[in-house]
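To start, the structure under review is shown below, and the notes come after it.
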Amino acid sequence: LMAHKLLEKFKEMIGADPVTIIHASIAPLFMTVAWKQGESPMPSLSIVKGRENYLSINEKRYFATSTDMFRRYYEGKASIEELKDKYRQYEKNAQALYDEVTDKDLSALSDAELKAYMERIDDLYTELIATIYIETIDYDKILSVIGPEHREELDVVWEKATQPTFVSFDGRYLRDMIDLVSSEQTDAVRKARFMFTDYSWTKSGDEIEAALAGVRDNLEEKEREVEQLYAEARAKKEAFTAWEDTLSPHARRIAAYTQMVMYMRDARKDPIAQMLAVLVEIATIMAKRAGIALRHAPFIQFHECAKGVEHLKQMKDHIEAREQGCLYLAHPDKTYEIEHRDFEEALAEFNEWTMPRAHEPSELRGQIACRGCVRGIVRVISDPHADKGFIDGDILVTSMTRTEFVPIMKRAGAVVTNEGGITCHAAIVSRELGIPCVIGTKHATRSLRDGDLVEVDADNGIVTKLS
């Protein structure tokens, strides 16, 4: 444990640059990672208590990954096929690990064998970091590369270029569950685990079995649903291709890149979930061997787990104290620092540093993800599994949406997020559902409160607090 304040240390490392803050239910086991962008370090800071996590990284450098990659593509230094091939290799490696693990009894493996799997997951994290550029690409970043003289051309393609022409993860998971129940595999629950793994943990075997049973009991109906989803996606793709053929070569390149990053961002959910599902299984076994209660396993830092059971035994008391509040500072060289601290006190200091001094909470501005205008009552949700009395038509306000938010999104009158880009989950799903969505407001979860009446003007990217 470090005696100095990690928040102050992180502030020194960030300097004058702004930070991107992800406020969500994210297990430290998954997301206390850091990397380098070129020669520039990208440390991460997490302020955690229970299932609540404020994860922060350098916004300037994070956003630069998207701009820099699009510039390379625009200048002919990288092609769509090259980028797709690199992503497919990551996807292939994650699938291979998942298939291998689901065919084994990990509890029978030695500590050394489990550590070897942790090394492979670490390698997958490195491959994952190479795809970070797909996460924050948006209109302004593309315009900054192509130049304002091409604004009119970008305006012409933007609306159609940002419409998904593929079946998103929801449909893919339903298709995969149909395949599992149709094949009558005895290990269907274990094979399906990745579809029920989010950034907080994996659902129980009973919950997964219940979901599979729901598909099994309504198989014909679910098969028709999937068939319709894929037919609609094919029609959208055909229409997009026909429209694309009418564009100038310059506009076509922008449209093609936009579609690629949107598809990769959605498809990438599968390999991420697979590696996290494996990580959950290994961490659960290691925690049990180290005498650590399962509820404390999510608070193990990734590289602590990678050091094996004996190290976890030494850290047992510290790990079990983290649930009540702590800070994690992760460095690109795979070292980390952890400080036990009062959560509310740390969060107050963090908000004082990161909230704009002249911020006017009555109005927020962001990017348009799906057009429309609606009024409703705010529900700020970081953990979609926590019941906050959400009712149909409420406005979902969150840092970012993920797979587990979909049931809530289907009931929401509109969606407002802190984070975003055209490839983000909220943007893609809101377009599929046809609900107004404003992304990238930066501070919605800290400026709005449960019960606020707001107007979400997603035609102009403005969220106004009415009362």
Side-chain angles (χ1 to χ4, degrees), residues 21-27 49-55 168-171 173-174 195-204 207-208 210-211 214 269 273 298 347 361-364 366-420 424-458 461-467:
I21 305 157
I22 301 172
H23 174 206
S25 176
I26 301 175
K49 182 179 181 181
R51 291 172 62 91
E52 195 165 12
N53 187 343
Y54 287 81
L55 172 68
S168 69
F169 70 93
D170 228 7
Y173 287 4
L174 180 55
M195 291 180 268
F196 298 88
T197 298
D198 57 35
Y199 284 106
S200 56
W201 211 244
T202 299
K203 290 188 181 299
S204 69
E207 290 174 296
I208 298 172
K269 289 176 172 57
L347 189 58
S362 65
E363 183 176 286
L364 294 164
Q367 304 166 44
I368 299 166
C370 186
R371 295 184 183 277
C373 187
V374 68
R375 293 184 177 188
I377 300 299
V378 165
R379 291 288 178 263
V380 181
I381 298 178
S382 61
D383 183 357
H385 304 296
D387 183 8
K388 298 195 73 176
F390 196 96
I391 62 174
D392 293 356
D394 280 350
I395 308 302
L396 171 61
V397 177
T398 187
S399 181
M400 65 175 187
T401 65
R402 304 177 299 283
T403 312
E404 59 271 25
F405 275 86
V406 173
I408 300 174
M409 295 177 74
K410 288 179 177 178
R411 301 171 60 202
V415 177
V416 178
T417 69
N418 294 349
E419 309 308 320
C424 76
H425 179 268
I428 291 173
V429 175
S430 66
R431 293 182 197 122
E432 289 182 339
L433 298 175
I435 57 174
C437 180
V438 176
I439 57 177
T441 64
K442 295 184 182 295
H443 304 289
T445 59
R446 294 188 288 171
S447 298
L448 300 175
R449 298 289 182 269
D450 285 344
D452 286 347
L453 174 64
V454 297
E455 179 181 80
V456 180
D457 178 3
I462 300 172
V463 181
T464 305
K465 183 178 176 181
L466 303 176
S467 65

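Values reported hereafter were calculated over all heavy atoms of this structure, with side chains retained and with hydrogens, waters and symmetry mates removed. Remember, predicted model here, so these are calculated numbers, not experimental data.
- Within the 4.5 Å cutoff, the side chain of Arg446 has heavy atoms near those of the Ile21 side chain.
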Could you walk me through whether Ser200 and Asp383 pass the side-chain contact (heavy atoms from CB on, under 4.5 Å) check?
-> CA-CA 9 Å; Ser200 56; Asp383 183 357; 5.5 Å; no

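- Nearest approach of Pro407 to Glu404, heavy atoms of both residues: CD-O, 3.6 Å.
- Between the side chain of Thr441 and the backbone N or O of Thr417, at least one donor-acceptor pair lies under 3.5 Å.
- Of the inter-residue distances, the one linking Thr398 atom OG1 with Glu419 atom CD reads 10.0 Å to the nearest 0.5 angstrom.
- Across all non-hydrogen atoms, the minimal contact from Ala369 to Arg431 is O-NE, 2.9 Å.
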Carefully, step by step, assess Val406 and His425 under the rule side-chain contact (heavy atoms from CB on, under 4.5 Å).
-> CA-CA 10 Å; Val406 173; His425 179 268; 3.9 Å; yes

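- The side-chain heavy atoms of Val456 and Val438, taken from C-beta on, include a pair separated by under 4.5 Å.
- Judged by distance alone, the side chain of Ser204 and the main-chain N or O of Glu207 form a donor-acceptor pair under 3.5 Å.
- Formation of a donor-acceptor pair under 3.5 Å by the Asp452 side chain with backbone atoms of Val378 is not found in this model.
- Across all non-hydrogen atoms, the minimal contact from Met195 to Tyr173 is SD-O, 3.5 Å.
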Please test Val429 against Phe405 for side-chain contact (heavy atoms from CB on, under 4.5 Å), starting from the C-alpha separation and ending with a verdict.
-> CA-CA 10 Å; Val429 175; Phe405 275 86; over 6 Å; no

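- Taking CG of Leu453 as the reference point, atom OG of Ser467 lies at 4.0 Å (rounded to 0.5 Å).
- Using cut-offs of 30° and 60° for the angle between ring planes, the His23 and Tyr54 rings count as parallel.
- For Glu432 against Ser168, the heavy-atom pair with the smallest separation is OE2-OG, 2.9 Å.
- Met409 CE to Asp170 CG: the interatomic distance, rounded to the nearest 0.5 Å, is 10.0 Å.
- Although no hydrogens or angles enter the test, the distance criterion places a donor-acceptor pair under 3.5 Å between the side chain of Asn418 and the main chain of Thr445.
- Side chain of Asp450 to main chain of Val380: a donor-acceptor pair is present (N/O by atom type, distance under 3.5 Å, no hydrogens or angles).
- Taking 4.5 Å as the limit, some side-chain heavy atom of Glu363 sits within range of a side-chain heavy atom of Ile462.
- Of all heavy-atom pairs between Lys203 and Ile208, the closest is O-CD1, 3.8 Å.
- Taken from CD1 in Ile408 to CZ in Arg379, the straight-line distance is 11.5 Å, to the nearest 0.5 Å.
- A salt bridge does not link Arg402 with Asp198: none of the charged nitrogens is closer than 4.0 Å to a carboxylate oxygen.
- The structure places CG of Leu364 at 5.0 Å from CG of Leu448, a figure rounded to the nearest 0.5 Å.
- Taking all atoms of both residues into account, the shortest heavy-atom contact from Val374 to Pro436 is CG1-CG, 4.1 Å.
- Side-chain N or O atoms of Thr401 include one that pairs as donor or acceptor with a backbone N or O of Ala426 at under 3.5 Å.
- Using modelled atom types, one side-chain atom of Ser430 and one backbone atom of Ala427 make a donor-acceptor pair closer than 3.5 Å.
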Test log, rule side-chain contact (heavy atoms from CB on, under 4.5 Å), inputs Leu396 and Ile381 = CA-CA 7 Å; Leu396 171 61; Ile381 298 178; 3.9 Å; yes

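- Note that SG of Cys370 and CD1 of Ile439 are 11.0 Å apart. Values are rounded to the nearest 0.5 Å.
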